[in-house]
Amino acid sequence: AQSVTQPDIHITVSEGASLELRCNYSYGATPYLFWYVQSPGQGLQLLLKYFSGDTLVQGIKGFEAEFKRSQSSFNLRKPSVHWSDAAEYFCAVRGGGADGLTFGKGTHLIIQP
Amino acid sequence: DAMVIQNPRYQVTQFGKPVTLSCSQTLNHNVMYWYQQKSSQAPKLLFHYYDKDFNNEADTPDNFQSRRPNTSFCFLDIRSPGLGDAAMYLCATSTRPSLNSPLHFGNGTRLTVT
């Protein structure tokens, strides 16, 4: 069965600084990987996804993620964060068929002035 | 805009009193999912419908049931809510084939059990 590890529960970043959120996955075949963001009291919004091709994928809101098979990682990055980026970020992997996503435990991003 | 809509946003029920949460979609997606998300935790898949085929996760309690009368609607029924069932319930959809198709989430229903 697939699994996802997000090692950082909380991360604090200054506004305007760069950001990297870590994600490691475990899956036997080629993984289908996703990053979602969740603002307080809201549903999940898709930031970006990877399933093949270029290992650097671009998403919405200026986010990007890089798939590294050798490290089983799919880290999320943003060159300059904005206060509105404060939220919970979930990395997820998808198995076969109509299976739903398996989520990591999330990383809570705090933006300080 | 096409979307996934969950009603109500907030639901309060009493311990042991049956409650139904609803989800509708205008995306015409084949697959609909229900997730449970407890405070500060990751969403946990309860079950999903692939067209009319119901697929229950092995560890989903019998207390949780679902109905999908048509493509657009899906319901989550909690037959006898306990205090531990207080959570955010998220509905999501995806197309078929599904592997590289993302899930589209509604804004969730926050359930309180008193």
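Note on naming: letters A, B, ... go to the chains in the order of the sequence lines (proteins, then strands), and numbering restarts at 1 for each one.
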In terms of heavy-atom pairs under 4.5 Å, which option from B:Glu57, B:Gln6, B:Arg9 contacts chain A the most?
-> B:Arg9
Looking at A:Ser39, A:Gly106, A:Gly41, which one has more heavy-atom pairs under 4.5 Å with chain B than the rest?
-> A:Gly41
If one checks every heavy atom of A:Tyr36 against chain B at 4.5 Å, the contacting part turns out to be side chain
Hey, what do you get for CD (A:Gln45) to NE2 (B:His104), rounding to the nearest 0.5 Å?
-> 11.5 Å
Linking I/L/V/M/F/W/Y whenever any side-chain heavy atoms sit under 4.5 Å apart, do B:Trp34 and B:Phe75 land together?
-> no
Interchain contact, A:Gln38 with chain B, by part (heavy-atom threshold 4.5 Å) = side chain
More than 12 heavy atoms from other groups under 6.0 Å of CG on B:Asp59 = yes
Do A:Leu56 and A:Tyr25 share a hydrophobic cluster (ILVMFWY, side-chain heavy atoms under 4.5 Å, transitive)?
-> no
Kindly work out whether a path of hydrophobic side-chain contacts (I/L/V/M/F/W/Y, heavy atoms less than 4.5 Å apart) joins B:Val19 to B:Val113.
-> yes
Are B:Met3 and B:Met32 connected in a single hydrophobic cluster, I mean Ile/Leu/Val/Met/Phe/Trp/Tyr linked by side-chain heavy atoms less than 4.5 Å apart?
-> no
Got A:Phe90 and B:Gln37 here, is their nearest side-chain heavy-atom distance under 4.5 Å?
-> yes
Please look at A:Leu44 and chain B and tell me whether the side chain, the backbone, both or neither of the residue comes under 4.5 angstrom of a heavy atom of that chain.
-> both
Gap separating the OG atom of B:Ser40 from the NZ atom of A:Lys105, nearest 0.5 angstrom | 12.0 Å
Chain A contact via B:Leu90 - side chain, backbone, both or neither, heavy atoms under 4.5 Å = side chain
Identify the two heavy atoms, one from A:Gly104 and one from B:Ala42, that lie closest to each other, and give their separation to 0.1 Å.
-> O-CB, 2.9 Å
Region of B:Tyr35 in contact with chain A, defined by heavy-atom distances below 4.5 Å | side chain
Please answer: with hydrophobic residues joined when any side-chain heavy atoms are less than 4.5 Å apart, are A:Leu46 and B:Leu45 in the same cluster?
-> yes
Got more than 12 heavy atoms from elsewhere within 6.0 Å of CD1, A:Ile9?
-> no
